[in-house]
Every structure is written in C-alpha cells, then in structure tokens.
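Everything below concerns the one structure shown next.
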Amino acid sequence: MRGYQRLPLVKGFGKTQRIDDWWNQPLIMAAALGFALLYTLIRVAVLDGSIHYEDHRVTSPIFSPDVLHIFHVTNHPGWMNSAMLILWIPFGFRGTCYYMRKVYHRSFFQNPSACMVSKPDINHTLGYSGERGIFIFNNLHRYMLYLAIIILSMKYYDVVHTMQFSGSWGLSVGTFVLAIESFLLTMYVISCHAFRHLVGGSLKQWRGGASSIAGRIFRFSSRHNVHHNLWFWTSLAMVFLGDLFVMAVAEGLISDPRFILG
Ligand code: FES
C-alpha cells in the first residue's frame, strides 16, 4: 500500500521500546475513575444522609439539583434520593464524552494500552470497531449535552440559593464551593466537541449577523477545547470535594463561615 509504513512495535502485552513511564497515566486515570464510581455508588446507595444543610441552603453536588426537594415530591419511597433520578444525565454525558472514550479504552480495555505500546493479544483479535455494538450509544453524546446544559443551569440556581439566609442575602464558603463547581462544569461543557458543533461548527461560514456571533463562540469554545481533559478532571474532582465539604458541615465537623449583606 502506498504511503504505508509498519511501525517497529514489539509484540506482547505491555511490550514497548518506549523508555518513559507510559503506564503512569492510564493507571492513575483508572484509579481515579474507579474511585469516583465507588464513592458515588456508596454515597448514593448507602451513605445518603447529610446531603444538605440549613434546610437545603447548600446541597451536595452529587445530589444537585435536588429535584425531589425542588419539585416538592414527598410521596416517594424512603430509599429514593434525587441522585438516583438525575445521575444518569452526568453519567451519560461523561460516559459518551470524546475524551472519556480515550480514557476508558486505554485504562480499562487496553485497546490501545498507549501510543507505541503493544496491547493484549485478544484485542488484536477483537480489533477496534469504533461506534458499533454497545459503543453505538456514544452517538447519543450531543443529546446528553442538551440535558447536561439543563442540569448546569439548575446548578446555578443552587448557587443563588446558597445566598439566601432566611430573609437576607449573603455569601458563605458553601456559596464559593458550589460556584467553583458550577464554573468548572461550565468550562467542561463549553470545551465539549459537541458544543463546538452546536454553537458554530455546523455553519459553512461566520460572516455577518448571528453567524459572526456563532463564529466568536466557536472560537472561544475551540480555545478551551484544547484543554478539555483539564476541565473533565477538575470538574469531576470538584463534585467530590464539594460533597465532602457539605457532608462535613452537615455533620457539624466544620462550620460554613458567612458574610451577611443585609
Ligand atoms: Fe467531552 Fe463533549 S466531548 S463532554
């Protein structure tokens, strides 16, 4: 075949001529994702107390938006919580994310293990068939984006809610915790490949009127798309840091310092 050149790849799982610690990144990513899944499962299914404090003024990011509370749903089974109803959206959004696909293909499936690193023999047999079989669900990413934008707007509602202190307005550490989480999530959404397409990538040109605005948003999104991995991990980490903060305040282990504006 013209232009085809066989790479000098050593055969055998994990074999490589690379001299760096290539396995560091997939190992850390696998550990981080494994921790995130386990933590969420335990928190949602077993330890689902202390998910808010001061009568829902501040709600844990894992359980936010607390739809059961927001929509005054009271006649639900005792074991049910809002996370059980809404987590499929962030899970679906992150699970079909283009960057996430790279992470799980490398960390969990070893297909490929890394650049210029030999993968397990079975993966040579199975091959890589893109968005086929179970992976056909990855095509739902653009729809998950629409739902994620709805969830994101409800998170900003939660941030505003943290500023309401029984008749007065103010700020507390909890406000900043949820605001940082919402900001990181916003950057994750803005830097999304499907978002780029949505805001201007589908247009043939950006000249004049609304299309020039679309072009500007597209270029802004593109600038941050380069760092999509950063926004993926920081926004994910902040979900758990925020949850730990809310749990610690709700349990009385720490306080939530505040500044009341009047
Ligand atoms: Fe990662 Fe859309 S590509 S969230």
Side-chain angles (χ1 to χ4, degrees), residues 25-26 28-37 39-40 61-65 83 85-112 114-115 128-159 178-203 206 213-243:
Q25 205 183 53
I28 291 170
M29 292 192 300
L33 280 184
F35 168 81
L37 284 172
Y39 183 103
T40 307
I62 292 182
F63 298 84
S64 156
L85 300 177
I86 49 128
L87 271 187
W88 65 274
I89 297 176
F91 265 77
F93 183 52
R94 286 184 185 272
T96 56
C97 164
Y98 288 71
Y99 170 70
M100 177 69 157
R101 298 178 201 185
K102 172 188 168 186
V103 173
Y104 65 61
H105 273 294
R106 293 191 177 211
S107 300
F108 294 128
F109 302 150
Q110 299 296 309
N111 195 17
C115 290
Y128 172 74
S129 52
E131 292 164 354
R132 304 229 185 100
I134 183 102
F135 298 112
I136 200 161
F137 289 108
N138 280 333
N139 287 304
L140 293 175
H141 187 61
R142 77 196 76 163
Y143 305 107
M144 296 313 302
L145 168 69
Y146 307 148
L147 294 173
I149 290 173
I150 296 172
I151 293 285
L152 182 60
S153 58
M154 293 178 84
K155 287 207 171 253
Y156 278 101
Y157 166 83
D158 271 0
V159 174
L178 292 203
I180 292 170
E181 197 249 334
S182 299
F183 166 74
L184 293 172
L185 198 55
T186 303
M187 294 310 296
Y188 178 50
V189 168
I190 284 177
S191 61
C192 164
H193 297 69
F195 183 83
R196 285 174 76 221
H197 181 79
L198 179 70
V199 294
S202 57
L203 298 176
W206 304 309
I213 298 171
R216 252 183 244 167
I217 302 174
F218 178 86
R219 281 189 284 271
F220 180 77
S221 173
S222 301
R223 272 206 301 281
H224 295 290
N225 177 263
V226 186
H227 307 293
H228 192 54
N229 56 341
L230 172 77
W231 302 118
F232 174 91
W233 287 112
T234 51
S235 60
L236 186 65
M238 198 59 207
V239 170
F240 299 103
L241 290 174
D243 180 63

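Every number for a ligand or one of its atoms is a count from 1 in the order of the listing. As the structure is a computational prediction, the values presented were derived from the model and not from experiment.
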**Prompt:** Would a line drawn from the ring center of Y104 to the ring center of F108 be shorter than 6.0 Å?
**Reply:** no
**Request:** Flag the pair Y128 / H105 as yes when their ring centroid distance falls below 6.0 Å, and as no otherwise.
**Result:** yes
Without placing hydrogens or testing angles, list every side-chain donor-acceptor pair under 3.5 Å for residues 193-201, not counting sequence neighbours.
unit_1	atom_1	unit_2	atom_2	d
H193	ND1	N225	ND2	3.4
R196	NE	S222	OG	3.1
R196	NH2	S222	OG	3.3

**Message:** Under 3.5 Å, is there a donor on one side chain and an acceptor on the other for S191 and H224?
**Reply:**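 No donor-acceptor contact under 3.5 Å links the two side chains.
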**Prompt:** Under the 6.0 Å and 45° cation-pi test, does R223 pair with F220?
**Reply:**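 No, R223 does not sit over the ring of F220.
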**Asked** CE/M100 to CG/N138 distance, rounded to the nearest 0.5 angstrom?
**Response**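 That separation rounds to 10.0 Å.
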**Prompt:** Ignoring water, what protein N, O or S atoms are under 2.8 Å from atom 2 (Fe) of ligand 1?
**Reply:**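 Checking every protein N, O and S atom gives H141 NE2, C192 SG.
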